[in-house]
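In this text, all values refer to a predicted model and were calculated from it rather than measured experimentally. Atoms considered below: every heavy atom in the structure, side chains included; atoms not considered: hydrogens, waters and symmetry mates. Indexing begins at 1, ligand by ligand and atom by atom, following the structure's order.
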Amino acid sequence: MSLPTTGLPRAEVLARLNQLRAKDLAARGGRTFAYVYDPARPDIDELGHEVYASYLDVNGLDPTVFPSLLAMENDVVDITRRHLGSTTAVGSFTSGGTESIILAVKAARDRAGIERGQVVLPVTAHAAFQKACHYLGLEAVLVDVDPATFRAVPSLVAEAVTERTVLLVASAASYAHGVVDPVEEIAAIGLERGIPVHVDGCIGGWLLPYFRRLGVDVPAFDFRVPGVTSMSVDLHKYAYSPKGASVVLYDDAALRRKQFYACADWTGYTMINATVQSTKSGGPLAAAWAVLHAVGDDGYLELARQTLEATRRLVEGVAKVDGLRVLGEPEMALVAIASDSSDSAVDVFVLCDEMNARGWYVQPQLGYRGLPASMHLTLTASSDAVVDDLLVDLAVAVEAARGVTVGDASLLAAVQGLDPDSLGDDVLATLLPLAGIEPGEGLPERMAAINTLLEAMPMRLRERLLIEFLGLLFTPGDDADAR
Ligand SMILES: Cc1ncc(COP(=O)(O)O)c(C=O)c1O
């Protein structure tokens, strides 16, 4: 696509955008059970959008020249730390969970100051930690979790600690199964060995305190636990702020200092950055500040009550469906549904396709290290109004999926035997059409065969193929002009 020679009229630009959006998932309405967090409160959405837009042009690069941003960031950090059991922690507002995690890992790395440090990660810890290790020259040491509860096993974490360990990680809660790790035990290991412990509350940190107030048995997971040194909590998840809003917190200002970056050694302005981004819009911070104030504690409790109610109805409903089970006992509004081990006739990847075909977006999770494949649902306050309809469709979808198998056995066997490191990029590219992915065509509507093939592959091959796929997706084509 080339730049229009003459600027298009506003109406034309908006019409083209609307056309582009036609195939997007619905961000509101409750039928999308991943990626979006819907409070079912148009008033909150409107306020967030309005404030976001009003601060779009303000630059968070320098907190001294836009003091309103500085004041709002201090407010948001204060609100968040109090929510997580501390009146003394310090922190930063960041663009999202991944940035918060990268910064916490960097702080731990620089605190330790050792060569090629290690981060001990239960396999259920979010992939953002492995990304952080990758970016920061650290080694991720993965440890198995309990296969029945999907929680980290403290003894395995302790065994993985070495002289080079710079950080231990626990999740509250994990994304895939919605369970809270035994934070007290893991933090005790950190205390004893003098190693910082990060609790990833990106998805659970805001909601879990409300769930506890509503009677859910949520174990201790925040700064009240001795040994917890840093936490991440995303406001663009269950605090329902517009996207681009997270907070990273430290129990100690000395540790946060290791997060910061300053550079005076060049010709331009003296650069002091609290976070990864330098120039950054004030929109996400201002909107988060506004949404937190407008919803308030009572409002969040009510949103949590609706979310909990929906989650309970879903879990109870799934228990009644022949052939399905919920994995573990989630404390969060995150539910992983697997095929019942006594009845493997329901392939969850086929089930995901059947649900998608009925207008529900649910997310397939591939089997991994002996843990079963599952269908993931992130519930929000908006789920309350639709979960009964979802259960009706789920029962129908299960019958449609029952007995259906996908995947060519010889192809699956062939990919299992491939050595990812000996394959060139050109060979990898030829695997994509085998998986049903054709250049310029996007993803097929039914994904079960692709997921089955990916699941059969050695992990490194999965990763390389996905990168190949990403390259294919992000290739501008001439057809964009004709759109
Ligand atoms: C537990 C957990 N940590 C980290 C992240 C990463 O957050 P983000 O996608 O905002 O970077 C997520 C996202 O779902 C998460 O669930």
Side-chain angles (χ1 to χ4, degrees), residues 25 27 32-38 76 80 84 91-106 119 121-136 140 142 145 150-152 167-181 183 186 197-209 211 218-219 221-222 228 230-249 275-277 280 283-285 287-288 291 307 311 327-328 330-336 361-365 368 374 376-380:
L25 280 177
T32 303
F33 283 83
Y35 304 113
V36 297
Y37 296 81
D38 179 1
V76 167
T80 312
L84 295 170
S92 296
F93 182 84
T94 77
S95 65
T98 300
E99 188 180 2
S100 289
I101 286 169
I102 290 173
L103 291 170
V105 173
K106 175 192 161 355
V119 179
L121 297 173
V123 291
T124 45
H126 195 275
F129 288 96
Q130 295 192 53
K131 180 174 175 181
C133 290
H134 180 73
Y135 282 8
L136 295 164
L142 297 180
V145 295
F150 303 92
R151 296 194 173 93
L167 185 66
L168 307 181
V169 171
S171 303
S174 66
Y175 177 80
H177 306 102
V179 295
V180 178
D181 282 336
V183 171
I186 293 172
V197 176
H198 182 86
V199 174
D200 180 12
C202 279
I203 203 158
W206 192 262
L207 188 61
L208 285 169
F211 269 20
V218 177
F221 70 90
D222 60 19
V228 171
S230 58
M231 291 194 72
S232 39
V233 53
D234 292 354
L235 303 178
H236 63 198
K237 294 190 168 80
Y238 286 97
Y240 299 108
S241 298
K243 294 212 186 309
S246 174
V247 174
V248 59
L249 295 165
T275 61
V276 175
Q277 288 178 296
K280 53 186 173 190
L285 171 61
V291 167
T307 309
T311 309
L327 293 180
E331 285 103 352
M332 266 290 288
L334 307 166
V335 180
Y361 183 82
V362 290
Q363 197 176 47
Q365 299 187 134
Y368 172 75
S374 58
H376 172 102
L377 288 90
T378 295
L379 290 97
T380 62

Side-chain heavy-atom pair [X], [Y] within 4.5 angstrom cut-off:
| X | Y | result |
| --- | --- | --- |
| Leu84 | Trp206 | no |
| Phe150 | Pro122 | no |
| Leu103 | Val276 | yes |
| Thr380 | Tyr240 | yes |
| Val335 | Phe33 | no |

* Asked: Between Cys202 and ligand 1, is there a nitrogen or oxygen pair with a distance under 3.5 Å?
  ->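 By distance alone, the answer is no.
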With a 3.5 Å cut-off and no angle check, do the side chains of [X] and [Y] form a donor-acceptor pair?
| X | Y | result |
| --- | --- | --- |
| Asp200 | Ser232 | yes |
| Thr275 | Thr94 | no |
| His376 | Thr378 | yes |

* Can you tell me which residue and heavy atom of the protein come closest to atom 14 (O) of ligand 1, and the distance to 0.1 Å? ->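 Ranking protein heavy atoms by distance from atom 14 (O) of ligand 1, first comes Lys237 CE, 3.2 Å.
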At a 4.0 Å threshold, what atoms of ligand 1 neighbour a non-hydrogen atom of [X]?
| X | answer |
| --- | --- |
| Tyr175 | 14 (O), 16 (O) |
| Asp234 | 7 (O), 10 (O) |
| Ile203 | 1 (C), 16 (O) |

Side chain or backbone of [X] under 4.0 Å from ligand 1, or both, or neither, by non-hydrogen atoms?
| X | answer |
| --- | --- |
| Ala128 | neither |
| Glu99 | neither |
| Ala173 | backbone |

* To do: Answer yes or no for Leu334: is there a heavy-atom contact with ligand 1 below 4.0 Å?
  =>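 Distance cut 4.0 Å: Leu334 fails for ligand 1.
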* **From Thr94, Asp200, Thr378, Thr98 - option closest to atom 2 (C) of ligand 1 by heavy atom** =>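 Shortest heavy-atom distance from atom 2 (C) of ligand 1: Asp200.
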* Of the choices Met332, His126, His236, which has the non-hydrogen atom that lies closest to atom 10 (O) of ligand 1? -> His236
